[in-house]
Amino acid sequence: MKIATFNINGIKARAEALPRWLDDAQPDVVLLQEIKSIDENFPREIFEERGYNVETHGQKSFNGVAILSKLPLEDVSRGLPGDDEDEQARWIEATVIGKQALRICGLYLPNGNPVPGLKYDYKLAWMERLYDRARDLMASEEPALMAGDYNIIPQAEDAARPDAWREDALFRPESRAAFRKILNLGFTEAFRARTQGPGHYSFWDYQAGAWNKNDGIRIDHFLLTPQAADLMQDCQIDAAIRGHEKPSDHVPVWIQLDL
DNA sequence: ATGGCACTCCCTGAGTGA
């Protein structure tokens with residue numbers, strides 16, 4: 001089973017590039033972030049005609065997450081638990097029914113800039129709620145994963161120019177510590193379990209020719225419970241599509257599970 | 001060396017992003 005995460009930076013803007021990638025990459029499940037659309041306006045037909053079930057959790061203009069799945073989805077849940085006042089659409093989860101059930105969580109973690117500020121406070125508070133959900137997933141002792149745009153640069157090697165990010169919410173020590181605390185529950189960060197060393201990125205800014213200079217950062221991640229990690233056969237970043245027509249500023253990251 | 005973009009919407013300029 002091939003499962004991908006992709007921050008598309010607007011479903012309307014990606015109405016051509018996204019299906020092109022789907023037809024090429026043939027993922028079974030896709031976790032989308034930044035659909036920037038209300039549920040009613042999401043172009044489900046594009047995906048349903050390709051055999052995907054579609055579950056969205058959108059809002060107007062900003063944020064928004066979705067799941068596309070060729071396999072049936074059950075027990076869909078929207079919104080990260082822990083704050084009834086939180087209006088931002090950044091979390092969706094469901095169970096994929098394959099050979100074996102797999103719980104999948106798609107997330108769009110807050111950016112957090114500027115630092116300091118209310119947005120940074122919100123990021124860190126959101127990560128505490130994420131920790132709580134992660135702890136419960138771990139306690140289930142079942143195959144599960146949390147994937148999406150974490151807006152976290154885990155290590156210096158995950159940025160082409162780490163010094164440019166020192167004071168940024170994506171690389172501040174508090175952000176990275178909160179990410180590490182979640183990993184330390186026992187999750188496997190899928191990409192780093194298979195590939196070491198610098199030069200592997202999932203985001204390149206539209207500005208300053210970042211793609212052409214490979215001036216990127218790696219901020220889109222898969223975190224696997226031990227029961228899911230045992231099934232992992234591959235994890236790759238589809239970097240090349242950043243150079244295609246009208247791209248998102250992020251590229252897909254995917255895993256292959258023996259499921 | 002520096003700066004260079006793109007998305008959204010009843011506000012085509014301002015907020016947001018990373």
Side-chain angles (χ1 to χ4, degrees), chain A residues 5-21 32-43 46 56-66 86-91 106-124 126-127 130 147-176 178-179 198-221 237 239 241-253:
Chain A
T5 176
F6 191 2
N7 179 324
I8 55 174
N9 190 17
I11 186 61
K12 293 183 195 76
R14 229 57 62 206
E16 289 175 28
L18 175 56
R20 207 161 51 226
W21 170 74
L32 298 175
Q33 300 90 41
E34 283 208 88
I35 63 174
K36 296 187 176 180
S37 163
I38 59 173
D39 296 336
E40 294 71 23
N41 292 347
F42 190 84
I46 296 177
T56 59
H57 179 40
Q59 68 179 89
K60 195 170 173 171
S61 299
F62 304 116
N63 308 320
V65 288
D86 189 355
E87 301 285 319
Q88 301 190 29
R90 297 179 174 276
W91 179 269
L107 65 98
Y108 175 44
L109 206 150
N111 171 302
N113 282 305
V115 180
L118 289 174
K119 290 184 176 178
Y120 193 48
D121 297 342
Y122 175 67
K123 177 176 195 151
L124 296 177
W126 203 93
M127 294 188 79
L130 178 59
D149 178 359
Y150 278 76
N151 272 316
I152 295 282
I153 303 167
Q155 302 287 346
E157 65 180 359
D158 297 310
R161 295 182 303 122
D163 286 338
W165 296 93
R166 293 282 172 207
E167 299 307 317
D168 194 283
L170 278 64
F171 195 51
R172 288 286 303 163
E174 302 87 351
S175 306
R176 295 165 60 199
F179 182 71
H200 304 286
Y201 312 123
S202 65
F203 169 91
W204 295 259
D205 201 295
Y206 289 120
Q207 300 184 69
W211 166 249
N212 290 322
K213 294 187 290 195
N214 197 22
D215 179 9
I217 52 178
R218 196 176 66 89
I219 57 176
D220 299 87
H221 310 300
I237 302 175
I241 75 162
R242 184 62 178 80
H244 293 180
E245 186 95 349
K246 210 168 187 299
S248 172
D249 41 8
H250 294 249
V251 295
V253 182

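The chains referred to below are lettered A, B, ... by the order of the sequence lines, with proteins before strands, and numbering in each begins at 1.
Using atom C1' as the reference point in both B:dT2 and B:dC7, the two lie 25 Å apart (nearest Å). Comparing the C1' positions of B:dA6 and B:dT12 gives a spacing of 14 Å, expressed to the nearest Å. Straight-line distance between the P atoms of B:dC9 and B:dG3: roughly 31 Å, to the nearest whole Å. Rounded to a whole angstrom, the distance from the P atom of B:dA18 to that of B:dG13 is 25 Å.
Nucleotide B:dT2 holds its P atom 14 Å from the CG atom of A:Asp215, rounded to whole Å. Whole-Å rounding puts the A:Gln33 CD to B:dC7 C1' distance at 16 Å.
Residue A:His200 holds its NE2 atom at 10.0 Å from CG of A:Asn214, rounded to the nearest 0.5 Å.
In this view, A:Ala17 and A:Arg14, A:Arg20 satisfy the side-chain contact (heavy atoms from CB on, under 4.5 Å) rule, not counting sequence neighbours. Residues satisfying the ring pair (Phe, Tyr, Trp, His ring centres under 6.0 Å) test with A:His250, not counting sequence neighbours, are A:Phe203.
In this structure, the side chains of A:Ile152 and A:Lys123 come closer than 4.5 Å at one or more pairs of heavy atoms.
Cation-pi geometry between A:Arg166 and A:Phe171 is not met: the NZ or CZ atom fails to fall both under 6.0 Å from the ring centre and inside 45° of the normal.
Heavy atoms of A:Lys123 sit nowhere under 4.0 angstrom from any nucleic acid atom.
Using cut-offs of 30° and 60° for the angle between ring planes, the A:Phe179 and A:Tyr150 rings count as perpendicular.
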Counting primed atoms, P, OP1 and OP2 as sugar-phosphate and everything else as base, the B/S/- map of nucleotides 8-18 of chain B against protein heavy atoms under 4.0 Å is SSS-----SSB
